[in-house]
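For reference, the structure discussed in these notes is given below.
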Amino acid sequence: MAEHRYDPKQIEPRWQQVWADERTWEVPNDPDAPGERSYVLVMLPYPSGEPHIGHLKVYSVGDAVAHFHRRIGRRVLNPMGYDAFGLPAENHAIRTGQHPRESTDRSIAEFRRQFREWGMSIDWSREFGTHEPRYYRWTQWIFLQLFKAGLAYRKEAAVKWCPVDQTVLANEQVIDGRCERCGSEVEARQLEQWFFRITDYADRLLADLDTIDWPANVKTMQRNWIGRSEGAEVVFRCEELGIDYPVFTTRPDTLFGATFFVMAPEHPDVLRLAEGTGREEEVRAYVNRALTESNQERGAADKPKTGVFLGRYVTNPVNGEKLPMYVADYVLMEYGTGAIMAVPAHDERDFAFAQAFDLPIRRVVADPDGDGELPYTGDGPLVNSAPEFDGMHNREALRAIVDWLDREGKGHASVSYRLRDWLLSRQRYWGCPIPIVTCPSCGLVPVPEDQLPVELPDITDYAPKGRSPLAAAEDWVRTECPSCGGPAERETDTMDTFVDSSWYFLRYCDAANDEAAWDPKVVAEWMPVDQYIGGVEHAILHLLYARFFVKALADLGHLDVQEPFSRLFTQGMITRDGAKMSKSKGNVVSPREIVDRYGADTARCYILFIGPPEHDADWSDEGVEGVHRFLGRLWRLAAEAAEDGPIRGDVVAPGGREGLQGADLQLARKANWAIEKVTADLGDRFAFNTAIAAIMELTNEVSRLREQTSPDVRRFALATAASLLFPFAPHVSADAYERLTGRRVWEEPWPDADPALLEQDVVEIVCQVNGKVRDRVSAAPDAGDEELIALAKAAPNVQAHLDGKQVVKEIVVPGKLVNLVAR
RNA sequence: GCCCGGGUGGCGGAACUGGUCUACGCGGCGGCCUUAAAAGCCGCUGUCCCGCGAGGGACGUGUGGGUUCGAAUCCCACCCCGGGCACCA
C-alpha cells in the first residue's frame, strides 16, 4: 500500500489556483438567473499591517455560510473591500512622512494575499478600497444628495474635541469622556461643523428594529442609544422678564411636587436672567467653571450636586407657585430643552440637590405599601396635588394632567431622544473630502455632480494643527464658485470614515458602475444583505449609521429597501490565556504562522471548532494539533480508499437500505446521521463546533470499521464527510472528494439524508426507578407502552430496586425511557 | 445602581421544546508498531465508597430553596465572571 501523507502545502495552492483561474466564486449580476439570492457579507476590514486572528475568525464564519448557501442552491454574493481611510494610516504618515496611500495600499495587498491563501470564496471582481477616487466619488455624491435634502447641514456647536488627534469627534466616539481611539480626555469647543440629521430618523430607526433578525443585545444597545422617552413639554413662565421656559418631563404627574427650577450652564439665557439680581458674578463664575470642566469630571453621577441661585422665579403652570431658578451642571443642554422642573420628592437627582440647598420637598405620589423614605420613584395615588387629581393613580393622572395642560395651552405631550445628530466633519487629511465650496456671496455651494470626485490633493505635511492639513494646500483650496463664478474656497474638513462604510454594501452590488453609485435595479437583485457578520463593537456606530443611510437614500428614491441587514451575527473575540491578544502582552497568535505551520484548512477549522462562534474563545496550541490530526486522518483515509479508483455513478449508499447489513449498515447510518446533524447545525444556527464534531465522529467510525466495511460504503462515508466538511476546510475537502469520486465538491448539491437510513432497528430504553437510571433494555422503536413497561420491569437491576416495593405509577416516553415510581 | 449574557470533568466545550449529564477535541494513563524516535493506530479516563472480579452504590452542572414521576434545563433568593448603559429629567 502506498504511503499517504497529508501535505497542506501541496494541496492548498493547487485548489486556490483552480478557483482563481476559473473565477469560481464570481457571480455576475443577472436578475433573470434562476434561484434564490443570498448576500453574505462580513464587515469590511480596516487594512492595517496584516490580518489578525479576529479577521481569520470572522471570514471563516462568513465563508462557511457562503459555501453552505451555495451548496443548497442559492446564488451567493460574497464580496470583499477595504475601509481604507482613517487615522492610523495618517498617524503613520505623520511619523514617517510617507503618503498614507502608500502604507494603505501595501496593507491592502497583504490582506488580499492572505485572504486568497486562506482559500476564501470571494468574488474578487467587485473589490475596492474606500480611498479610491472611483469609490469616494460616490461617497461625495451621497453627501450631496443628503445636503440637498437638508439632511446634511453645517452649524456652530459645542463639540467634543480630541486634543491628541486634533479633531472633533462624534458623540459615539467619546467613551467615558475620552477619545475612543487614543484615550485622551476630550475637551469642549465651539466650532462650525457638519452634521447629518440622523435625529429625524430616530423613530423609524427604533421602530424598524422590530423588523430585523438581530441579536437581542445589539437591538437593546441601539434602543438605549436612541433613548426615546415619552412625556410632556410644560411651559414655566418667568413673569419678571416675560419669557416662557418650556421643560421636558417624563413625569407630568408630579408637576404639583415641583419646588424649584434648574437650567444647564450652557443655557443661553442664564447670564441674562441673573443680570440685575446682584448675583451676576457668582453665576458667571459658576458657568465658566462648569464649561471648562471636562466631561469626565462633570459626568460622574455620584458627584455632589452644585449650583447657584439665579435670583429669579418661574411660575408653575398647574398651581401658580413661584419656583426659584437655579443653574446647575447636572442639567444638560443637549437633552430636552436644557431646563428642568425639579421634583425632589420623586427624583433622586432633584432630591440630592434639594438637600444640598435646603429646598422644600413635597410628596405628591403616595406609596401603596405605606409611605417610606423619599425620594419615591414608584407608582401610587396622587396626594397634595389638586382636588380633581388627588387619589387618582399617578399613571392615569399623568394623562389627565397632560390633557389639562393641552387645553390650557400650557403644555403638550412630547417625545424626547437621547440620540444627537451625527457630527461627520474631521480636521484631518486622510479621509473623503467634503464636496462643498464656500463663496463669500453665495454661501455654501455644492460642487456640481459632474465635477466629482473632489480629489484629495497630495500634501507633504500631515501634522494636525487644529485645522485640517488640507488648508495648507492653497492651490487646491482656492477655487471658483460653481454658482457665481467668483473666487471661493473649498471645504477643508474631511468626512468621518464611518461615512465611507455606511454604504459600501450597496456599492458591492454594482461595483463596476462609473455612471452612477449604483443602478437601483441591480441593487434590487441583492439587497438587503441576508446575513451580515461582524464584531459586536460596531453595535451602535456603524450599524446605526448604515441603517440611517439606507433609510435616507430610500426616501430620496435611490433604493427600495428600508433596512440594510436582515440578519446579523456578531462573533466573539479570540483570546489567549484568557486575555485579549496584544503585542505588549506578547500573546499574539498570527494567522500567518498558523497557516504556514498547519495550512489554512486547519486554521479555519480549528477556529470554528473551538466553541460557539458568538462567544469569546481562548486559543490553544494543543487544540490546533487535534484538528490538524483530524484533517490528516480524513485525508489519509480518503487517499487510501481511493486507491482502487473513484466511485462510479451517484455518490449514495450503494444498494440503499435493503442491500446493507452489519458494519456497512452501521456506517451508512452514521453518514446519514452526520448529514442531518451538520445540515441542522448550519441551517438553523451557527453551530459550527458541533457540526465539525459530527464529521469527526463519522470519520472515526470509518476508521474503526475499516476492516469490516465494503469499499463502496467506506468511500460513500468518506465522500460524505468531505462534502460536509467543505464549508469549513475547503481545500482538503475538495482534494479528498476528487480522489474519491472524480468530481468537484463545490459543484455538488448539499447531501440529503436518506430517511430509511436514519431509522434504527432497535433503540435503547432507559429504565428508571423513582427517576434514577437503574438499567437499560433494547426494544423496537415502535414498541408500545405496555411492552416497554414489561421490558423494564424484567430488567435485572430494576427488579433489584423494586424488591419489596409497590409500583404506584408508570411513565413512558416512547422510544426513550420508562420511569417506574415505587413505594 | 439598571439592563443583557454566562457559571457543566484537569481544560475548550456537548446536551434539540424538562427525559441516559459530560458528545467531539485537548490533556493524562496504558498498549501496539519501530533497533529507536517521529508520525500513526487501539484502549481507559467525573469524584468518592463497597467488591478479588463481574458488578453495584452514593454524590455530581456556582450556592440555598421550590415545582415535578423526573431539573444543567422551569420558578424564587443569593454569590461570582463578562458586556452594555449610567445626572438623559
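All chains are named by letter (A, B, ...) in the order of the sequence lines, taking the proteins before the strands, and each is independently numbered beginning at 1. Every value quoted in this text rests on a predicted model; they were computed, and no experiment measured them.
Contact between the side-chain N/O atoms of A/Arg629 and the OP1/OP2 oxygens of B/A39 is not found at any separation under 4.0 Å. The side chain of A/Arg774 places an N or O atom within less than 4.0 Å of a non-bridging phosphate oxygen (OP1 or OP2) of B/G57. Between B/G57 and A/Asn797, a contact under 4.0 Å exists linking OP1 or OP2 to a side-chain N or O. OP1 or OP2 of B/A86 has at least one side-chain nitrogen or oxygen of A/Arg418 nearer than 4.0 Å. Between A/Ser703 and B/C41 there is no side-chain N or O to OP1 or OP2 distance below 4.0 Å.
Checked by atom type, the side-chain pair A/Asn770/A/Arg823 shows no donor-acceptor distance below 3.5 Å. Using modelled atom types, one finds a donor on one side chain and an acceptor on the other under 3.5 Å when comparing A/Thr306 with A/Tyr286.
Base orientation of B/G84: anti, since the glycosidic angle falls outside 90° of 0.
Taking the C1' atoms as reference points, B/U45 lies 13 Å from B/C26, given to the whole Å.
Rounded to an integer number of Å, the gap from A/Arg223 CZ to B/C2 P is 21 Å. As a whole-Å value, the separation of A/Asp350 CG from B/A89 C1' is 7 Å. The nearest whole Å value for the distance from the CG atom in A/Asn700 to the P atom in B/C26 is 9 Å. A/His801 places its NE2 atom 6 Å from the P atom of B/A58, with the value rounded to the nearest Å.
Toward the 5′ end of RNA chain B lies the nearest nucleotide of A/Gln768, the other residue of the pair A/Gln768 and A/Arg706 mapping further downstream. Taking for each of A/Glu625 and A/Lys809 the nucleotide of RNA chain B with the nearest heavy atom, the 5'-most of the two is the partner of A/Glu625.
A donor and an acceptor atom never sit less than 3.5 Å apart when one is taken from the side chain of A/Asn217 and the other from the base of B/C4.
Here A/Ser620 lies out of heavy-atom contact (under 4.0 Å) with every strand. A/Glu810 comes within 4.0 angstrom of no nucleic acid atom, judged by non-hydrogen atoms across all strands.
Of the possible donor and acceptor atoms, one in the side chain of A/Asp347 sits under 3.5 Å from a partner among the backbone N and O of A/Asp350. For the pair A/Ser620 (side chain) and A/Gly623 (backbone), a donor-acceptor distance under 3.5 Å is present.
Side-chain contact between A/Ile789 and A/Leu791: absent, with no pair of heavy atoms (C-beta onward) separated by less than 4.5 Å.
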